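Input: a single structure, listed below in structure tokens.
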Protein chains: 2
Amino acid sequence: MKRVATARRDDAGPAYVLEDQVGHLLRRAHQRHAAIFQDMIGDAQLTPLQFAALVKLHDLGEVSQNELGRRTAMDAATMQGVIKRLLARGLIDRKPDAEDRRRVVLSLTGDGRSLIAAAMPDGHAISDETLAGLDEAERRAFLALLKRLT
Amino acid sequence: MKRVATARRDDAGPAYVLEDQVGHLLRRAHQRHAAIFQDMIGDAQLTPLQFAALVKLHDLGEVSQNELGRRTAMDAATMQGVIKRLLARGLIDRKPDAEDRRRVVLSLTGDGRSLIAAAMPDGHAISDETLAGLDEAERRAFLALLKRLT
DNA sequence: GCGAAATCGTTTGTATACGAACGATGGAGG
DNA sequence: CCTCCATCGTTCGTATACAAACGATTTCGC
């Protein structure tokens with residue numbers, strides 16, 4: 001008897017189909033989200049990471065650079081670049097921490113505060129559009145499972 | 001009556017919670033997968049994209065550079081770098097296409113073929129470990145939903 | 001045929017992503 | 001007090017990721 005499902009493969013293991021691998025699918029879904037983000041973020045001209053950093057600064061008020069990195073899942077080296085660009089655009093402030101001289105304290109400027117407040121609805125629309133193919137129940141199920149993979 | 005769930009927010013829209021956004025979750029899941037990949041790929045010293053390119057070349061035999069990019073979801077500029085590094089390691093060959101002088105034809109070398117054959121089981125193990133938190137039914141449901149987001 | 005449009009591969013510039021190493025500082029323990 | 005260790009922010013090197021523009025080539029429309 002020949003196996004039907006695996007056709008002409010004689011080895012024991014299942015075939016490695018790139019399109020079925022979770023890593024490949026995660027990468028493609030992330031690509032699509034980034035494209036949607038860029039299309040829908042509008043005038044703000046923010047990248048997903050810059051948006052995330054501003055949102056967290058909006059939530060937290062003042063926070064050290066490394067702590068902001070942990071809250072937004074960026075490592076210290078990546079944080080450098082993101083912070084540098086937000087500083088250059090005058091969206092955030094930076095001052096030394098009085099109690100720990102290793103640290104710097106980050107916070108939003110007035111420009112940063114109004115820009116992220118205006119962009120917040122876009123953030124919701126972007127998440128919505130990314131999940132456009134799924135109905136409400138499927139979205140809840142997908143997000144719950146996705147959270148367990150982090 | 002005050003709303004309980006939204007506490008002190010007076011606006012109409014839902015709060016923007018970074019940790020609940022699909023883009024942020026996709027990014028973190030992809031980060032975790034990349035870390036697992038690096039841990040488990042072993043001696044082969046391949047990145048996820050290099051692995052994907054070799055797998056597709058293994059499946060297809062000969063293919064143009066742009067076509068390989070489409071099959072692996074890489075744009076032409078990204079492809080450049082990946083192909084350059086695989087060429088430098090002697091894992092792939094490159095020759096002009098006789099019928100279309102714009103194209104180059106890519107294929108695996110003997111080294112490339114044996115390396116990807118040896119690494120294929122690692123690919124399965126990496127996908128398995130990435131999904132470690134989910135049972136069989138959850139994995140199927142998650143992958144089916146994830147495919148619909150690409 | 002022939003001019004326009006599309007495709008192929010390349011290069012440049014910007015922005016993640018992260019390992020590794022670094023100097024400066026802070027905290028813990030003897 | 002003083003040494004060891006951890007943490008903070010920085011820099012360097014490598015590898016995606018993609019927009020944009022480019023020259024060379026092919027195909028399409030008429």
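Because the structure is a prediction, the values reported are computed rather than measured. Below, chains carry the letters A, B, ... as their sequence lines are ordered, and counting in each starts from 1.
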Can you tell whether the side chains of A:Glu19 and A:Arg28 come within less than 4.0 Å, N to carboxylate O?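 No, this pair does not count.
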
Quick test of your reading of the model: are A:Arg71 and A:Asp59 salt-bridged, counting only N-O distances below 4.0 Å?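 Here A:Arg71 does not pair with A:Asp59 in a salt bridge, since their nearest N and O are not under 4.0 Å apart.
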
Between [X] ([atom1]) and [N] ([atom2]), how many Å, whole number?
{"X": "A:Gln38", "N": "D:dC18", "atom1": "CD", "atom2": "C1'", "result": "8 Å"}
{"X": "B:Phe51", "N": "D:dT16", "atom1": "CZ", "atom2": "C1'", "result": "17 Å"}
{"X": "B:Asp39", "N": "C:dC18", "atom1": "CG", "atom2": "P", "result": "13 Å"}

For A:Gln45, give me all partners under side-chain contact (heavy atoms from CB on, under 4.5 Å), at least two apart in sequence or on another chain.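 So A:Gln45 forms a side-chain contact (heavy atoms from CB on, under 4.5 Å) with A:Arg89.
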
Hey, does the side chain of [X] come within less than 4.0 Å of [N]'s phosphate (OP1/OP2), counting only N and O?
{"X": "B:Gln50", "N": "D:dT16", "result": "yes"}
{"X": "B:Thr78", "N": "D:dA15", "result": "no"}
{"X": "B:Arg85", "N": "D:dT16", "result": "yes"}
{"X": "B:Gln80", "N": "C:dT12", "result": "no"}
{"X": "B:Arg103", "N": "D:dT26", "result": "no"}

With sugar-phosphate meaning primed atoms plus P, OP1 and OP2, does B:Asp100 contact a base, only sugar-phosphate, or nothing at under 4.0 Å between heavy atoms?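 Here B:Asp100 touches the backbone only, sparing every base.
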
Give me the residues of residues 58-71 of chain B where at least one heavy atom lies under 4.0 Å from an atom of DNA chain C, by number, or none.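 Heavy-atom cutoff 4.0 Å gives B:Ser64, B:Gln65, B:Asn66, B:Arg70.
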
With hydrogens left out and only the distance checked, is there a donor-acceptor pair under 3.5 Å joining A:Arg102's side chain and the base of D:dT7?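 Yes, the side chain and the base share a sub-3.5 Å donor-acceptor pair.
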
